Asker: 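Handing you a structure now.
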Amino acid sequence: MRADIMEKIVSLSDGERIPELQQYLSSLTDDQLTTVVTNSALKGKSIGAMVKSIFKGSLPSAPEGASRRLLLYQHCIPLCESGDLQTEVASDIIGLLMLETHNLPGPSLAQLASLFVDAIKLGKMGSGKSLELFPTVLTALAATEALSYGKGELSGEEYKKQLINSLCSSRWDPQCVIHLTTMFRDVPLAPEELQFLVEKVLRMFFKLDLQEIPPLVYQLLLLAAKGCKKQVLEGIISYFKEQDLRQKEEQKDGESMDVEVQSIPQDQLRHVEGTAILHIVFAVRLDQELGREFLKSVKGSQGELCPFSIALLLSVARIQRYEEQLFDFLKGAITKGFKDEQLQQGSKFLQDLLPQRCSFAQMILDTVKNSVFGWDHVTQGLVQLGFILMDAFGPKAGPFGKTATEGANATAKTPTQQACRLGGQVLLEGFKMHEPIRGEILEQVLNRLVTKTASPVTHYIDLLSDIVVSAPMILLESSSKVTETFDHLSYLPLATVQGLLKAVQPLLKVSMSMKDALILVLRKAMFSSQLDGRKSAVTGFLLLLKNFRVLGSMASSQASQAISSSQVQVDVHSRYNSAANEAFCLEILSSLRRCLGQQADVRLMLYEGFHDVLRRNSQLASSIMQTLLSQVRRYYEPEQDLLPPVKLELCIGAQGDQVFLQEPLAHLLSCTVHCLLWYQGMRRSARPNAGGSDDDDDDEEGGFQNELQSILESIMRRMIKCELEDFELDKSAEFSLSSVGVKNSIYAMLVMGVYEVLIEYNFTKANYSKSLFEELLELFSRYNKLSEILKEKSGKGKNSKSPRSLLSMGFVSTLLTALFRDSAQSREEALLVLRSSGDFLRYAVSVALQKITQLEETGHTDGPDGQNTDKTFHHLCDITSVLMWRYTNIPCAVEDAGKKEKRCSVSLLCLEGLLRIFSTGQQRYPARVAQLLSAIDVSVEEGSDHGPGNASVTEKTAFYIRQFQRALFTQLSGGEEDFNSKEAQLLVNILSVLSRQLEPSSQQFVQMITWTVKICKETSFEDVAFSKGLLSLLFSVHVLYKSPVSLLWELCQDIHSQLGDIDQDLEVEKQSHFAIVNMKTAAPTTLLVLSQVGKVLDEVDWLITKKKGQLVPDRLSSDDTTQAVGQQDPVEKALTLQLGTLLTALNELVQTALPSGVCTNTLLGELSRTYTILTTLVKYYIQLCSGQQGLLPARVEKLVKLSGSHLTPQCYSFITYVQSGELAGGGADDKKKKKKEGEATATASAKLLRETKAIPNLIYSIEQYEKYLITLSKKSKVNLMQYMKLSTSRDFRINAATLEAVLQEHDNSQQTIASQEPEQSQEPKKKRKKQ
């Protein structure tokens, strides 16, 4: 029956019998027709023909036809959505319906549209197939002229708007979000409709499953072609940012509760993010406008970046046209992040105001971690970013190429150092995680080591070293790249070669080919024409000798450490290896012997390296000792009666009229002594276990041992007998720059070095024998005599710095302990010999000071074990303990009593040593400061209950701070004549170094502040250096406790009352908050106060910039802004109060009769800066008030009043005072200047130029401030200009009092005026000359 109906309809249509068709269709009921359509659609047979036929037979102009058409639409749409039809069938039906949509009358279209909206609201649009029809319906609807709506009429366009509005306001079924987004691409939308729609879709993100996000992102980006690009991008980024945060929180909760709470699986989220990034990058590639919006959005959201947006940035940066801009932005954002962090950490005021945010560096490292989940498109950008940071912010070459200050174990402090370290971390993590980029990273690092010869490459060496340790086996795959780099060794700077070889050393143990390649290169380098090339060869060979241990070598604590990394397990001690190693090492030694005929520098490296080789490779002892013995013999005078015992003339070479050192004899002896002592110690410890089997060995080895010993004994005996004349170095010897003077200087240096080596040898061998210690003092007295002559001759010259001592750090620590702490009865008599010599004690402590300074500057010391961080630290702890004990038990006052020599006392040297040690500890061993402090713990007998071994760093530090505070208090409680300024300054410096270790939130820190404030208030010594140190300490601790503005205000009042007012007739009220401010110290204090004012201004400026940055997003919702203006924001309130107190403080200073010069100039500079920042604040409020009627906070009005009625008039008076001071001083200065040379005149005129600039700058700042105040007055409807006085300091100035006097005289007589005219015309002339 139904089939008949269908066939009949189709046949009538095919036969073009339209009237019959119409008649037949009219005869069918609605149910019959819909049933036929449904059946036909389900079978999929000729449904297209059926629908076409119904359209043919239903004329749109006839009411019946129109309603039948509508019925067809109403029936087919749900049918297609039901999912019962085949996809092709549904597509055919929708396609046919689309073609006829424009023929539907307005009311039918409206009904159809409502049908769609209702279906969407009820969630019946599951497959979204029929949604393709909706845009056509809406387009046709928009074209209709009028539709009845409610009781009235609406145009089609308006009706469409209402529909879209109702649709976007209703609830969407998550299933159809993607279909709807796709559908809206084809709907013509007005900008506000599009915005409404985008907001709706972005809200729906949170209701969808993660898998559905990428296709929705794709559709949204296509939709963004119509507009709202920025909104779309920001919405997508903020969605992922929130998901990341949730995932992190869940991970944290999971870890703390030991439960897996994962609503968002991490790997799934990362894969979805990766796909979304790909979609966005693809869209940006195709749509330049989208790219521009992305750049704008990124630059606008300075602080709002997150790991996802950073990954997106790095991916977009692969598109060439955005590359430079995006990397520049990232570079800037990273340094800005570090600078902000530094500023916030240094100020309690800022910490309290703003919460600590997640650091930018951490986000970048998170991005690296996330990139493991198949983000190949991000890794390339990460590599680029890593190298950009390391190139831009790595260490720079200093003057004369000096860059050694940054040792490997120095911590990154400045923002640039931190950025460079971040670059290294990014590359290292990237290398570990991603195989494809390993080759590139390694190649780029090695390329930079080879090409960057002018600038230091320590940061690249550190990175290479980390890479080798983290993945040595992976590196072996790229061993060819490393061996290529070896070819350049002889052309590279020595520091680079040392670093490079140390870094790749673990690989040499596993790769024979790499080791062979290196040896070949080193052999060539040995004959290089460049001195540096030969030094590199020695470095390389020594490193190989240290690390290829021969079987049977004593294992030393260090030998096993740092050679093989955890992942390289190689049996270096197997039969084959040990034999091969021995032959290999002896071969290297023979190569090194050649160096003993080369320049002094090359020999020096050899002597400094032999001891370490011996300690790590004891089987080479006999070869090394024989080598040293034969070298010593060359310079030893065997004839026992002859003096001196060494042939100094052989140690010197000459070329033309140039004299130079050929053999560093003292270093040779030092190396021999250390090797011999170590060897004897090793034999002693090995002896108990050894049987009688190796007697032959003993004879052979005992030979060189005995000979060396007798040579050293002989040298020592004869050196004691030597007078300076024997070396041609008596008091009449010249030490000028002539060839004779240079020769004498070299002789003196060698002789002093030999004496030092013998002192160390004697002490070690003496075993606390009194007679030997007397000999030691004899040696020292000779050394000291020569040292005094050298000091006297070089006198006040530039190179009066004492030469580096040859005593080893270990010996210095042993010597000091013996001299100051050894209380054993049996040794007392012998040690008394040494203790009785004040010069020797002073010498021992000053050498320790020299070693500590070297450690602080370079991270290592000269001599054996100088490169071994652990041993050096151990010695440092021992030295600290001794110095602390010596200082606390024998104060300077006791020591100085009775001997009024000008020299530095031992206690003072100890104190200086402690200062250096504490700062070295913080710089070089930040993680081991507690250990360093514990080492002293033992030494302090008194109150040892305060310094328990398990106390925190803050408690330990506080304990020592109390010790030094007590010492300083003792200094201050005496009279001013007993006051030792040097000691007090050192104590203050130690306190400021130690205070950095205190936790700012701790009780101890508050006690420290209270104590410092108390001392500043009660001490009235007129010692400028001490008062500066004490106030600097006060400021450095106070700023971590609270804002220093009130402190500055009190200090300004004190300075004002001490120096008096610029108006001499005015009596200043005597105020003294801080006794440390007196007539003598007031001017230097002013400079300190002004530098603090500068820091406070920096903070205020930073806060205003932060607030300005937040203004832009806030402008979107006007409610927020109105409220922000109505009730003042806490940050605004705080910065207004800061500025208010600062203005009051400056108001005091501006009225002070400051000495002309630096003080006045600095004050003028800070004043103009204050006005600039006030202007910035005013501009911020202009921005805030524009657009809506906002109230200006009362505090801001008060601030303006304070600046206008108090500060500005005083500024003008101060300018007058400064200028009159300049004029008054001018005449006298001119006479002096004429006597001076031209250079002095140039300096004076430059200074004058600076001073003349400061005044116009200040006036300009004030006037700019007033200009913007006028604008703010108009915007806020508050008359702020009522507080401003008219400026009187412009191009000319009228002094009212002078004018009155002149006018009075004018009335009295005409002659008076005539006589006064020349005077008046002279003054401006003088002024012009100055300017």
Side-chain angles (χ1 to χ4, degrees), residues 545 553-554 586 589-590 592-593 595-596 603-604 606-640 642-648 650-651 663-687 694-722 750-751 753-767 769 772 775-776 779 806-808 810-811 863-865:
L545 282 180
S553 286
M554 297 255 311
L586 291 172
L589 267 176
S590 70
L592 285 176
R593 282 197 191 100
C595 298
L596 294 174
R603 299 181 194 193
L604 194 60
L606 209 51
Y607 300 149
E608 285 180 344
F610 267 159
H611 180 264
D612 280 350
V613 169
L614 208 53
R615 281 191 59 255
R616 304 274 288 270
N617 219 340
S618 59
Q619 284 300 84
L620 299 175
S622 65
S623 314
I624 289 178
M625 299 301 278
Q626 291 288 4
T627 306
L628 287 172
L629 176 60
S630 64
Q631 190 71 358
V632 170
R633 278 194 197 129
R634 284 191 200 176
Y635 304 99
Y636 170 64
E637 177 55 70
E639 197 57 59
Q640 294 297 315
L642 282 181
L643 295 181
V646 284
K647 301 173 184 172
L648 287 183
L650 295 182
C651 299
E663 172 65 61
L665 180 64
H667 287 85
L668 167 61
L669 282 178
S670 169
C671 174
T672 311
V673 164
H674 286 301
C675 290
L676 183 63
L677 291 172
W678 181 84
Y679 180 72
Q680 289 172 341
M682 182 196 78
R683 302 287 291 172
R684 270 198 301 278
S685 57
R687 190 63 50 79
D694 39 334
D695 286 341
D696 310 340
D697 247 16
D698 278 2
D699 289 344
E700 179 205 328
E701 294 186 1
F704 70 71
Q705 194 179 329
N706 294 336
E707 188 175 346
L708 271 175
Q709 223 165 325
S710 61
I711 286 177
L712 287 168
E713 295 291 341
S714 164
I715 291 178
M716 181 152 64
R717 198 175 54 254
R718 286 191 275 166
M719 284 296 276
I720 292 173
K721 292 179 190 164
C722 283
L750 290 175
V751 173
V754 170
Y755 275 127
E756 282 197 308
V757 172
L758 293 175
I759 287 172
E760 182 165 346
Y761 180 67
N762 176 303
F763 187 92
T764 316
K765 299 293 282 180
N767 200 8
S769 132
L772 284 176
E775 283 184 16
L776 189 148
L779 286 168
L806 284 182
L807 303 184
S808 64
F811 171 67
D865 293 329

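What's counted below: heavy atoms across the whole structure, side chains too, no hydrogens, waters or symmetry copies. One is the number of the first residue; the rest follow in order along the sequence. All figures in this text were calculated on a predicted structure; none of them were measured in a lab.
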Asker: When you measure from the side chain of E760 to the backbone N and O of S808, does any donor-acceptor pair fall under 3.5 Å?
Answerer: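 The answer is yes, because a donor-acceptor pair under 3.5 Å joins these two groups.
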Asker: Does some side-chain heavy atom of L592 sit less than 4.5 Å from a side-chain heavy atom of L545?
Answerer: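 Yes, side chains in contact.
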Asker: Can you tell me how far the CG atom of L586 sits from the CG atom of L589, to the nearest 0.5 Å?
Answerer: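 Interatomic distance, L586 CG to L589 CG, rounded to 0.5 Å: 6.5 Å.
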Asker: Indicate yes or no: at least one non-hydrogen side-chain atom of Y761 is less than 4.5 angstrom from one of E713.
Answerer: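 Yes, side chains in contact.
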Asker: Could you check whether any side-chain N or O of R603 sits under 3.5 Å from a backbone N or O of L596, counting only pairs where one atom can act as donor and the other as acceptor?
Answerer: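 Here the side-chain-to-backbone pair exists.
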Asker: For the side chain of S714 and the backbone of S710, is there at least one donor-acceptor N/O pair under 3.5 Å apart?
Answerer: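 No: the side chain of S714 does not pair with the backbone of S710.
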Asker: Could you tell me the separation between the OG1 atom of T627 and the CG atom of L606, rounded to the nearest 0.5 Å?
Answerer: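 Those atoms lie 8.5 Å apart.
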Asker: Is the shortest side-chain heavy-atom distance between K765 and L772 below 4.5 Å?
Answerer: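 A side-chain contact is absent here, since even the closest heavy-atom pair is not under 4.5 Å.
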Asker: Heavy atoms only: give me the nearest E756-L806 pair and the separation to one decimal.
Answerer: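 Looks like OE1-N, 2.8 Å.
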Asker: Using modelled atom types and a 3.5 Å cut-off, is there a donor and acceptor pairing between side-chain atoms of R718 and backbone atoms of E637?
Answerer: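 Yes, the answer is positive, given that a donor and an acceptor are paired below the 3.5 Å cut-off.
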Asker: Does the side-chain contact (heavy atoms from CB on, under 4.5 Å) test come out yes or no for S623 and R593, once each step is laid out?
Answerer: CA-CA 10 Å; S623 314; R593 282 197 191 100; 4.0 Å; yes
Asker: When rounded to the nearest 0.5 angstrom, what is the spacing between CZ in F704 and OG1 in T672?
Answerer: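 The OG1 atom of T672 is 11.5 Å from CZ of F704, to the nearest 0.5 Å.
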Asker: Check whether any side-chain heavy atom of D612 lies under 4.5 Å from a side-chain heavy atom of D865, and answer yes or no.
Answerer: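 In contact.
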Asker: Report the C-alpha distance between L629 and I711 in whole Å, list the side-chain angles of each, state the deciding distance to 0.1 Å, and finish with yes or no for side-chain contact (heavy atoms from CB on, under 4.5 Å).
Answerer: CA-CA 9 Å; L629 176 60; I711 286 177; 4.0 Å; yes
Asker: Using 0.5 Å steps for rounding, measure from the CD atom of E775 to the CG atom of L758.
Answerer: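 Those atoms lie 10.5 Å apart.
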Asker: Check whether any side-chain heavy atom of L669 lies under 4.5 Å from a side-chain heavy atom of Y607, and answer yes or no.
Answerer: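 Contact flag for L669/Y607 side chains = no.
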Asker: Working to the nearest 0.5 Å, report the span between CG of L604 and CD of E663.
Answerer: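 It comes to 9.5 Å.
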Asker: Give the minimum heavy-atom separation between K647 and Y636, together with the two atoms involved.
Answerer: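 Residues K647 and Y636, closest heavy atoms: CE-O, 3.5 Å.
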Asker: With heavy-atom distances below 4.5 Å as the criterion, would you say the side chains of L650 and L665 are in contact?
Answerer: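 A side-chain contact under 4.5 Å is absent here.
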Asker: Is there a side-chain contact between K721 and L643, using heavy atoms and a 4.5 Å cut-off?
Answerer: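 A side-chain contact under 4.5 Å exists here.
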Asker: With a 4.5 Å cut-off on side-chain heavy atoms, are L614 and H611 touching?
Answerer: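 The answer is no; the side chains never approach within 4.5 Å.
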Asker: First locate atom CD1 of I759, then atom CG of L779, and finally report the distance between them rounded to the nearest 0.5 Å.
Answerer: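 Reported value, rounded in 0.5 Å steps: 6.0 Å.
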Asker: Please confirm whether the backbone N or O of M719 pairs with a side-chain atom of Y755, one donor and one acceptor, at under 3.5 Å?
Answerer: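 Checking the backbone N and O of M719 against the side chain of Y755, a donor-acceptor pair under 3.5 Å is found.
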Asker: Under 3.5 Å, is there a donor-acceptor pair between the Y679 and Q705 side chains?
Answerer: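 Y679 vs Q705: no donor-acceptor pair found between side chains.
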Asker: Do the rings of F763 and F811 sit parallel, tilted or perpendicular, given the 30° and 60° boundaries?
Answerer: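 Aromatic pair F763/F811 classed perpendicular.
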Asker: So, for L750 and A666, which heavy atoms are closest and what is the spacing to 0.1 Å?
Answerer: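 Of all heavy-atom pairs spanning L750 and A666, the closest is O-CB, 4.0 Å.
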